[in-house]
*Asks:* 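Supplied in structure tokens, the structure appears directly below.
Every number for a ligand or one of its atoms is a count from 1 in the order of the listing. All of these numbers come straight from a predicted model, not from anything done at the bench.
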Amino acid sequence: MTPSDLDSIARALTATGDVGARIVIDATASDAVAARHAEWLAQGIHVVTACKLGQGTALQRWREIHAACEEGRTRYGDSATVGAGLPLLRTLRALRAGGDRIHAIAGVLSGSLAWLFNHYDGLRPFSGFLRDARAAGYTEPDPRDDLSGEDLRRKLLILARTAGFELEADAVAVQSLVPSALAGLPVEHVDGALPMLDGPLRAQFAQAWKRGERLRFVARLEAGHAQVGLESLPADDPLAGGSGIDNRVAIWSDRYRNQPLVIQGPGAGAEVTAAALLDDVLALL
Ligand SMILES: NC(=O)C1=CN([C@@H]2O[C@H](COP(=O)(O)OP(=O)(O)OC[C@H]3O[C@@H](n4cnc5c(N)ncnc54)[C@H](O)[C@@H]3O)[C@@H](O)[C@H]2O)C=CC1
Ligand SMILES: N[C@@H](CC=O)C(=O)O
């Protein structure tokens, strides 16, 4: 879609007269589309989105989106952006609305990486599992966005900001799984180069396996410090559980001080994501 196509969306919606709620549903991974969210919201057009590039990148963009909702008296449907519709953002909002204060959040928040580390056995190549995860629709359009931790950085920023911590994007320490030779390739050459991942991940898996541990790609926010990366966890660690594409997130707050509130369920895939978008649209009607 070109910039003028994006201009025409707002024109077409405002030309319809008073016919009820005007809503743009953004199911792309496009920064050019996310850059328009605030403009549409300010014009009285609600936005429902699965794309994390609106709220999960620069803090300035997050603030513009929220200011635009006030200006245009509109709402921003973001349930699909974290946990693919799991009740994560709405739980944080409900806790804060009730006077609770969030202390920390830790979780497996990438459905594709959860699926990969739940299936990877250290025997068959990691790159083969990655191709399967991509074919199943769990990864981002460019799977390097998952493996580099960027997708998880965006989700952690959205969670942190929703929890009341207005972090800048670079406040999250990100440990990438993508070797620099793979990171630098044009997208059309990525598939053929995926075996670059196999050796390093086999070695990390073998070390964890010897200790009886599990590899999990984890996001953590505590005392304003945020990080995402691969961790080797004891098998009985709460974040080592779950299966398939499950996300598993623990929230500590005034109310949940000793035992965290834990939310678990499928966190990627077309069906749950589409259902989350539909929920947000129906809430606007
Ligand atoms: N796949 C999943 O499980 C989940 C995905 N999301 C988010 O949903 C979004 C889409 O992800 P997928 O469906 O996996 O990707 P996809 O690549 O399967 O689909 C994206 C679609 O957007 C279209 N598109 C891209 N740029 C566009 C533009 N400028 N204008 C109009 N259309 C455009 C593409 O042609 C493609 O059809 C991403 O932002 C992703 O982070 C969120 C939750 C879960
Ligand atoms: N690529 C993402 C999809 C959902 O946001 C993930 O793996 O979690």
Side-chain angles (χ1 to χ4, degrees), residues 1-10 12 24-37 39-40 47-57 61 76-89 107-120 129-159 174 176-178 187-188 190-191 216-219 228 230 239 242-249 263-281:
M1 209 175 264
T2 65
S4 64
D5 293 329
L6 292 172
D7 289 338
S8 68
I9 289 178
V24 169
I25 304 170
D26 175 7
T28 76
S30 162
D31 190 61
V33 180
R36 300 294 184 108
H37 289 177
E39 181 186 317
W40 290 326
V47 174
V48 169
T49 184
C51 181
K52 299 135 207 159
L53 300 175
Q55 294 190 115
T57 52
R61 188 179 277 184
Y76 194 67
D78 57 7
S79 304
T81 60
V82 186
L86 287 176
L88 288 168
L89 296 173
V108 169
L109 275 159
S110 164
S112 56
L113 292 173
W115 188 91
L116 283 163
F117 289 110
N118 281 326
H119 285 80
Y120 181 52
F129 288 98
L130 180 60
R131 289 190 180 109
D132 290 347
R134 185 180 56 193
Y138 304 148
T139 69
E140 294 302 295
D142 181 341
R144 290 175 297 183
D145 286 344
D146 297 289
L147 295 163
S148 65
E150 276 309 311
D151 184 70
L152 196 46
R153 178 213 298 268
R154 294 167 191 155
K155 288 175 177 166
L156 186 58
L157 284 168
I158 297 171
L159 280 177
V174 179
S176 173
L177 297 179
V178 182
V187 70
E188 60 275 18
V190 167
D191 187 70
R216 295 288 181 263
F217 207 80
V218 175
V228 306
L230 192 62
L239 296 184
S243 63
I245 47 172
D246 275 359
N247 281 190
R248 194 174 169 91
V249 184
I263 297 171
Q264 177 181 341
E271 285 185 21
V272 281
T273 308
L277 290 170
L278 184 59
D279 276 356
D280 281 350
V281 169

*Asks:* Residues two or more places apart in sequence or in another chain: which of them pass side-chain contact (heavy atoms from CB on, under 4.5 Å) with Ala276?
*Replies:* Ser79, Ala80

*Asks:* Would you call Leu147 and Leu130 a side-chain contact if the rule is heavy atoms closer than 4.5 Å?
*Replies:* yes

*Asks:* Can you tell whether the side chains of Asp26 and Arg36 come within less than 4.0 Å, N to carboxylate O?
*Replies:* no

*Asks:* Write none if no such pair exists; otherwise list each N/O atom of ligand 1 with its protein N/O partner under 3.5 Å and the distance.
*Replies:*
residue  : atom   : partner : partner atom : Å
ligand 1 : 1 (N)  : Gly137  : O            : 2.9
ligand 1 : 3 (O)  : Gly269  : N            : 2.6
ligand 1 : 39 (O) : Thr28   : O            : 2.7
ligand 1 : 41 (O) : Lys52   : NZ           : 2.8
ligand 1 : 41 (O) : Glu140  : OE1          : 2.6
ligand 1 : 41 (O) : Glu140  : OE2          : 3.1

*Asks:* Is any side-chain heavy atom of Arg216 closer than 4.5 Å to a side-chain heavy atom of Leu239?
*Replies:* no

*Asks:* By side-chain hydrogen bond (donor to acceptor under 3.5 Å, both in side chains), which residues pair with Asp142, not counting sequence neighbours?
*Replies:* Arg144

*Asks:* Any side-chain heavy atom of Val48 within less than 4.5 Å of one from Val24?
*Replies:* no

*Asks:* May I ask you to say whether Arg61 pairs ionically with Asp31, meaning some side-chain N is under 4.0 Å from a carboxylate O?
*Replies:* yes

*Asks:* Could you report the tightest heavy-atom contact between Ala114 and Asp246, atom names first, then the distance?
*Replies:* CB-O, 3.3 Å

*Asks:* For the pair Glu140 and Lys52, find out whether any cationic side-chain nitrogen is under 4.0 Å from an anionic carboxylate oxygen.
*Replies:* yes

*Asks:* Might you list the protein residues in contact with ligand 2, defined as having a heavy atom under 4.0 Å from one of its atoms, sorted by chain and number?
*Replies:* Lys52, Ser110, Gly111, Ser112, Tyr138, Thr139, Glu140, Asp146, Asp151, Lys155, Gly267

